[in-house]
Amino acid sequence: MSSAPVRVRFAPSPTGYLHVGGARTALFNWLFARRHNGVFILRIEDTDRTRYQEDALEDLMAMLRWLGLDWDEGPDVGGPYGPYFQSQRLHIYQEYAEKLVREGHAYYCYCSPERLEAMREEQRKRGEPPGYDRHCRYLTAKQRAEYEAQGIKPVIRLAVPLEGQTSFTDVIRGTITVDNSSLDDLILLKSDGYPTYHLANVIDDHLMRISHIMRADEWLPSVPKHVLLYQAFGWEPPVFAHLPVILDPSGQGKMSKRRQRVGDKEHYVLVREFKEAGYLPEAMFNFLTLVGWSLDDKTQIMPKEVAIQHFDLDRINKAPAAFSYEKLEWMNGYYIRQLSPDELAERLVPFLAKGLGMSEEEVRRRPETRLLAPLVQERIKVLSEAVEMMDFAFRERLDYPAESLIGEKMSAEASLEALKRARQVVAALEAFDAPAIEAALRPLVEELGVKARQLFGIIRIAITGKPVSPPLFESMAVLGKERCLRRLDEAIERLSRLVGQAG
RNA sequence: GGCGCAUUCGUCUAGCGGCCUAGGACAUCGCCCUCUCAAGGCGAAGAUCGGGGGUUCGAAUCCCCCAUGCGCUACCA
């Protein structure tokens with residue numbers, strides 16, 4: 001292993017929003033850098049002009065920051081090895097590619113996409129493995145001049161050795177050897193002057209002094225080509241570590257960049273979607289840490305510092321891992337419960353504002369936000385769930401069917417009676433805190449000869465409009481006596497009407 | 001088709017020759033707590049370690065073959 005200082009990079013292509021697979025790759029690199037007091041670099045591989053997406057870069061950086069993955073060198077922060085956009089390094093790739101041609105390691109290829117397509121079609125028909133037939137590898141100077149004269153813009157291809165083997169060692173996979181004869185003369189420089197991934201990646205990793213390459217498993221098959229490139233340049237390759245792919249929850253294939261539909265459930269795949277659904281960055285961080293890596297046989301919950309302290313390439317798993325939304329949800333709930341009530345309230349603000357149609361300032365100003373936060377804390381798994389548990393405290397009128405005011409296994413009349421008694425008791429209260437409210441209402445259970453769940457179920461509907469809510473007495477205390485009385489009156493009125501109709 | 005990688009409870013994993021009658025977590029189920037829903041506590045069930053051959057006194061752990069899955073096979077990354 002290299003003794004050079006640790007310099008790792010996350011090198012996404014801005015062709016879409018950051019997805020969990022990319023986030024995991026970034027996270028592992030970040031963890032490794034922090035663990036070894038190394039440098040974490042963000043490099044943008046924007047060499048595909050056809051798939052470039054305008055707002056992808058912004059999302060990428062915003063989501064990495066949201067997860068707490070800060071970079072030491074990169075597009076916006078600069079660094080000694082910039083620029084960090086590959087599109088701004090075109091001349092570098094061109095120079096190196098031409099150098100390879102001069103030295104006989106690469107050659108110009110004038111084949112048209114049509115010819116290549118036809119060739120592949122032929123190969124398919126004959127049942128041969130598809131691959132470039134190296135038509136241009138042996139062009140004479142005269143033939144080349146003719147193509148040039150026709151104005152054809154060539155690509156540059158690597159002249160892969162026809163014989164022998166190429167092997168490399170991946171710290172996670174071990175040593176892998178392939179026959180050179182199975183390798184294609186890959187394109188290094190496209191006809192538009194842009195490099196392909198392979199060329200740009202190898203050059204930049206070398207120029208930026210990258211010590212370890214940690215990236216997704218899908219790159220493993222192209223490593224031999226990269227090694228050949230390093231050899232052609234006379235460079236020492238970095239340490240390779242290919243991370244297991246993340247499978248979609250069905251375990252049937254890798255997570256695509258689009259949303260997944262598994263069974264009847266739709267699942268998120270973009271980091272942005274998780275954020276908007278109310279997942280905590282610290283939960284995402286912890287969870288992602290564990291997909292493909294483990295600290296030991298027991299640890300699930302792990303503060304960032306602990307992860308940094310223990311992160312190790314040795315413990316990265318080989319096998320692909322299915323993304324478990326259930327476990328993520330559980331973990332998110334756990335992290336929500338760890339928040340201080342005030343912190344939870346603050347994090348809830350944007351969700352409440354959006355869900356209730358209020359401004360964030362107003363939500364923040366309303367005392368209910370902070371008072372209710374601890375009551376929903378252990379009841380939600382994602383922040384967005386809090387809205388429907390808390391909205392009763394923000395709405396003036398509750399919307400619920402009068403029938404729901406009828407207690408479990410009770411008559412409408414008995415329910416109405418219960419409501420009226422509750423109203424009286426509440427009206428007589430001086431102090432209006434949860435214990436006082438409970439002390440006043442609880443005796444009604446016996447007096448009315450019902451079960452606690454029956455009585456409180458009725459009042460719960462009256463107060464919150466829902467059969468499921470935060471604890472009743474606490475909720476009432478948050479609302480305050482006046483509003484509670486109004487809601488009880490409203491409930492009595494609705495139920496009376498219902499009883500009247502029936503009678 | 002070719003090349004490559006992988007294969008332990010439903011899922012994520014621990015395991016690197018004896019500590020394994022395989023441990024933990026999520027999910028599931030049951031009980032307790034209880035004003036609903038949760039949270040929490042306790043407990044249960046769940047994997048003969050993909051299959052078959054070896055090696056060894058002894059294998060989930062080492063070797064070989066097979067099967068299955070996944071990835072790559074673009075002027076995409």
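Chain letters run A, B, ... following the sequence lines, proteins first and then strands; every chain starts at 1.
If A/E438 and A/S294 are placed on RNA chain B by their nearest nucleotide, the residue sitting closer to the 5' end is A/S294.
Within the structure, the ring-ring contact (aromatic ring centres under 6.0 Å, His included) test picks out the following pairs touching residues 450-473 of chain A (sequence neighbours left out): A/F456-A/F473. Contacts classified as ring-ring contact (aromatic ring centres under 6.0 Å, His included) and involving residues 172-194 of chain A (residues at least two apart or in different chains) are not found. Residues in residues 284-293 of chain A take part in these side chain to side chain donor-acceptor pair (under 3.5 Å) pairs, two or more places apart or across chains: A/N286-A/Y335.
The side chain of A/A322 has B/C12 as its nearest neighbour among B/A74, B/A14, B/C12. Considering only side-chain atoms of A/K190, the nucleotide from B/G24, B/C75, B/U13 that sits closest is B/C75. Side-chain atoms of A/K327 lie closest to B/A25 of the nucleotides B/G1, B/A25, B/C76. Closest approach to the A/R315 side chain among B/U73, B/A14, B/C35 is made by B/A14 (side chain taken as heavy atoms from C-beta onward). Side-chain proximity of A/F473 to the nucleotides B/C75, B/C35, B/A77 is greatest for B/C35.
A gap of 25 Å separates the P atoms of B/A45 and B/U13, to the nearest Å. B/A27 and B/C9 are spaced 12 Å apart, taking the C1' atom of each and rounding to whole Å. Here the separation of B/A59 from B/A22, taken at their C1' atoms, is 13 Å to the nearest Å. Here, B/U8 and B/G40 have their C1' atoms 31 Å apart, quoted to the whole Å. Annotation: B/A77 and B/G24 have their C1' atoms spaced 37 Å apart (nearest Å). Comparing B/U61 with B/U55, their C1' atoms are spaced 13 Å from each other, to the whole Å. Nucleotides B/G51 and B/C32 place their P atoms 41 Å apart, quoted to the nearest Å. Taking the P atom of each, B/C33 and B/G18 are spaced 46 Å apart, rounded to whole Å.
The nearest whole Å value for the distance from the CG atom in A/D297 to the C1' atom in B/C26 is 16 Å. Look at CG on A/L57: it is 16 Å from C1' on B/A77, rounded to the nearest Å. The interatomic distance linking A/D184 (CG) with B/A74 (P) rounds to 7 Å, in whole Å. At whole-Å resolution of the value, NE2 in A/H198 and P in B/C76 are 10 Å apart. Between the C1' atom of B/C3 and the CG atom of A/L186 lies a distance of 15 Å, rounded to the nearest Å. Nucleotide B/C26 holds its C1' atom 16 Å from the NZ atom of A/K298, rounded to whole Å. When the C1' atom of B/C72 is taken as reference, atom NE2 of A/H242 falls 11 Å away, rounded to whole Å. In this entry the distance linking OH of A/Y325 with P of B/A25 reads 24 Å, nearest Å.
Residues A/F323 and A/Y325 bring their aromatic ring centres within 6.0 Å. You'll find the ring centres of A/Y197 and A/W219 inside the 6.0 Å limit.
With a cut-off of 3.5 Å on both Watson-Crick or G-U wobble distances, the partner of B/C49 is given as none. The partner of B/A22, taking Watson-Crick or G-U wobble pairs whose two distances both stay under 3.5 Å, does not exist in any strand shown. B/G30 and B/C42 make up a base pair, with Watson-Crick or G-U wobble contacts both under 3.5 Å. For B/U73, the paired nucleotide is B/G1, the pair qualifying as Watson-Crick or G-U wobble because both relevant distances are below 3.5 Å. Across all strands shown, B/U68 pairs with B/A6; the Watson-Crick or G-U wobble distances both stay below 3.5 Å. Here B/A14 sits opposite no nucleotide as a Watson-Crick or G-U wobble pair (both hydrogen-bonding atom distances under 3.5 Å). When both pairing distances are held under 3.5 Å, B/U61 makes no Watson-Crick or G-U pair with any nucleotide shown.
At the heavy-atom level, A/E474 lies under 4.0 Å from base atoms of the strands shown. Note on A/E45: only backbone sugar-phosphate atoms sit closer than 4.0 angstrom, heavy atoms only; bases stay farther off.
At B/A77, one or more side-chain N or O atoms of A/T47 fall inside 4.0 Å of OP1 or OP2 (strictly under the cut-off). The side chain of A/R51 contributes no N or O atom lying less than 4.0 Å from OP1 or OP2 of B/A77.
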For residues 159-168 of chain A, please give each side-chain donor-acceptor pair under 3.5 Å, one per line with the distance, not counting sequence neighbours.
| residue | atom | partner | partner atom | Å |
| --- | --- | --- | --- | --- |
| A/Q165 | NE2 | A/D179 | OD1 | 2.9 |
| A/T166 | OG1 | A/N180 | ND2 | 2.5 |

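A/D296 CG: more than 12 foreign heavy atoms inside a 6.0 Å radius. Within a 6.0 Å radius of NZ in A/K451, other residues, nucleotides and ligands contribute 12 heavy atoms or fewer.
Considering only residues two or more places apart in sequence or on other chains, A/S384 meets the side-chain hydrogen bond (donor to acceptor under 3.5 Å, both in side chains) condition with none of them. Partners of A/F28 under the ring pair (Phe, Tyr, Trp, His ring centres under 6.0 Å) rule, at least two apart in sequence or in another chain, are A/F311. Under the salt bridge (charged side-chain N to carboxylate O under 4.0 Å, His left out) criterion, A/R337 pairs with no residue at all, not counting sequence neighbours. In this structure A/Y110 satisfies the ring pair (Phe, Tyr, Trp, His ring centres under 6.0 Å) test together with A/Y147, sequence neighbours excluded. With sequence neighbours left out, the side-chain hydrogen bond (donor to acceptor under 3.5 Å, both in side chains) criterion links A/Q300 to A/K327.
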Protein-nucleotides 37-44 of chain B N/O pairs under 3.5 Å:
| residue | atom | partner | partner atom | Å |
| --- | --- | --- | --- | --- |
| B/C37 | O2 | A/R379 | NH1 | 3.0 |
| B/C37 | N3 | A/R379 | NH1 | 2.2 |
| B/C37 | N4 | A/R379 | NH1 | 3.4 |
| B/A38 | O2' | A/E378 | O | 2.3 |
| B/A38 | N1 | A/E378 | OE2 | 3.3 |
| B/A38 | N3 | A/E378 | OE2 | 3.4 |
| B/A39 | O4' | A/E378 | O | 3.3 |
| B/A39 | O3' | A/R337 | NH1 | 3.2 |
| B/G40 | OP1 | A/R337 | NH1 | 3.2 |

Check nucleotides 4-7 of chain B against the protein and report each pair of N or O atoms closer than 3.5 Å, with its distance, or say if there are none.
| residue | atom | partner | partner atom | Å |
| --- | --- | --- | --- | --- |
| B/C5 | O2' | A/R173 | NH1 | 2.7 |

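A/H242 pairs with exactly one of A/K318, A/R215, A/E218 by the side-chain hydrogen bond (donor to acceptor under 3.5 Å, both in side chains) rule, that one being A/R215.
Remark: the A/E45 side chain and the A/Q86 side chain contain an N/O donor-acceptor pair separated by less than 3.5 Å.
Residue A/T196 places no side-chain atom within donor-acceptor reach of the base of B/C75, judged by atom type and a 3.5 Å distance cut-off alone.
Contacts of residues 401-409 of chain A with RNA chain B (heavy atom under 4.0 Å): none.
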